[in-house]
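Everything below concerns the one structure shown next.
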Amino acid sequence: MIKAAVIGHPVKHSKSPMIHTHWMRGHKIKGQYQAIDIAPNDLAHAVRDLVRDGYAGFNVTVPHKIAMMDLCDDIDETARAIGAVNTVVVRDGLLYGRNTDAFGFIANIKAALPDYSFNAPAMVLGAGGAARAVAYGLLKEGVPHIAVCNRSQVKAEALCAMDPQRMIPVEWGERDLLSDYPLLVNTTSLGMDGQPPLDIELGRLPPQSVVCDIVYAPLMTGLLDTAQAQGHHIVTGIGMLLHQARPAFEAWTGVMPDVDAALMQKVLA
Ligand code: ATR
């Protein structure tokens, strides 16, 4: 019986239990995957309890992704570069921290656009945790140049320290100057249900560009609607959520699951 969980605060709206339970059933793996609410002050103690109770691992969501770094016995190169842990694998009582968000972002693009070759410069909007994972994934794929455009310029500059040779910060007021960037990724919360829309003019985007939004509620954001209407390729955000869960599931069951249409429908319902 494999026990896994997602820890966060709040966590009850997490889609992870639905995703992992779908895969456990589909692969006939005996296990349980729960959402466990842990307040920030209780994190260290609650994690010790999970280890004691025989959990094979757990996913980590807001607000614990950074704090979890200090509690791991080992952190892989990806999580270290991104500066956050979203997956913990427990082995022999030790905690191995990973980050699967970059994998999820890249795997989602590859699933949506199998021929995409990552050889064009990219503009990333935002400089928070999600932007760090997106930038790391793009750099690993060989994207030659990334402009990071964020409301707070200081955070854009900090993110560009990840690879100063290939990254430059761009002022938020210059986000419409897209003529050199045939890959555009929104990692901000703008456009999400309950948030202001993302105000951006796509007129200078080169023809047939790729536009990704990591927002998935709504699935078709204003950015994606506009990009599609203008003939660009679009990549919705739900796949990043689903694909980032795959290596975590593999870590604690040994099975690398697929993202199928049934799962996609369940998560969007
Ligand atoms: P995540 O971990 O999901 O990336 P985050 O770290 O809170 O979340 O980052 C949210 C991003 O959305 C940031 O880049 C933020 O810009 P700032 O760094 O300037 O705060 C961006 N964001 C949120 N609301 C915004 C707004 N009204 N206008 C512009 N950018 C906004």
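Note that ligands are numbered from 1 as they come in the structure, with each ligand's atoms numbered from 1 the same way.
- Relative to the six-membered ring of W23, R25 misses at least one condition, a distance below 6.0 Å or an angle of at most 45° to the axis.
- Annotation: N150 places an N or O atom under 3.5 Å from an N or O atom of ligand 1; distance criterion only.
- In this structure, the protein non-hydrogen atom closest to atom 8 (O) of ligand 1 is G129 N, 4.6 Å.
- The aromatic ring centroids of Y116 and F118 lie less than 6.0 Å from each other.
- Heavy-atom proximity to A130, at under 4.0 Å, picks out these atoms of ligand 1: 1 (P), 2 (O), 3 (O), 4 (O).
- Looking at F103 and Y136, their side chains never come closer than 4.5 Å, going by heavy atoms from C-beta outward.
- With rounding to the nearest 0.5 angstrom, the OG1 atom of T78 is 10.5 Å from the CG atom of N86.
- Below 4.0 Å from some heavy atom of W172 lie the following atoms of ligand 1, by number and element: 29 (C).
- Counting heavy-atom neighbours within 6.0 Å of L113 CG, excluding the residue itself, gives a total above 12.
- Neither the backbone nor the side chain of V62 comes within 4.0 Å of ligand 1, counting heavy atoms alone.
- The nearest heavy-atom contact from the protein to atom 23 (C) of ligand 1 is S189 OG, 3.4 Å.
- Side chains of N108 and L241 form no contact here, defined as non-hydrogen atoms less than 4.5 Å apart.
- T188 CA, 4.0 Å is the protein heavy atom nearest to atom 11 (C) of ligand 1.
- None of T226, L190, L205, L184 except one satisfies the side-chain contact (heavy atoms from CB on, under 4.5 Å) rule with I200; the exception is L184.
- Less than 4.0 angstrom separates some heavy atom of G126 from each of these atoms of ligand 1: 14 (O).
- Of the protein's heavy atoms, at least one falls inside 4.0 Å of atom 26 (C) of ligand 1.
- At the top of the distance list for atom 22 (N) of ligand 1, counting protein heavy atoms only, stands R151 NH2, 4.0 Å.
- Among the atoms of S152, some N or O lies under 3.5 angstrom from an N or O of ligand 1.
- By the 3.5 Å distance cut-off applied to N or O atoms, K155 is counted among the residues near ligand 1.
- Note on ring orientation: taking the six-membered ring where Trp is involved, the planes of H20 and F249 are tilted (angle from 30° to 60°).
- There is a protein heavy atom less than 4.0 angstrom from atom 16 (O) of ligand 1.
- Summary of contacts: the protein heavy atom closest to atom 6 (O) of ligand 1 is G128 CA, 3.3 Å.
- Shown here, atom 20 (O) of ligand 1 is in close reach of the protein: a heavy atom of it lies under 4.0 Å off.
- Contacts between A127 and ligand 1, counted as non-hydrogen atom pairs separated by less than 4.0 Å, involve the backbone only.
- Once rounded to the nearest 0.5 Å, the distance linking NE2 of H243 with CD1 of I109 reads 11.0 Å.
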task = Start with the C-alpha gap between I7 and L50, add the side-chain angles, then the distance that decides, and say whether side-chain contact (heavy atoms from CB on, under 4.5 Å) holds.
result = CA-CA 10 Å; I7 63 168; L50 293 177; 3.9 Å; yes
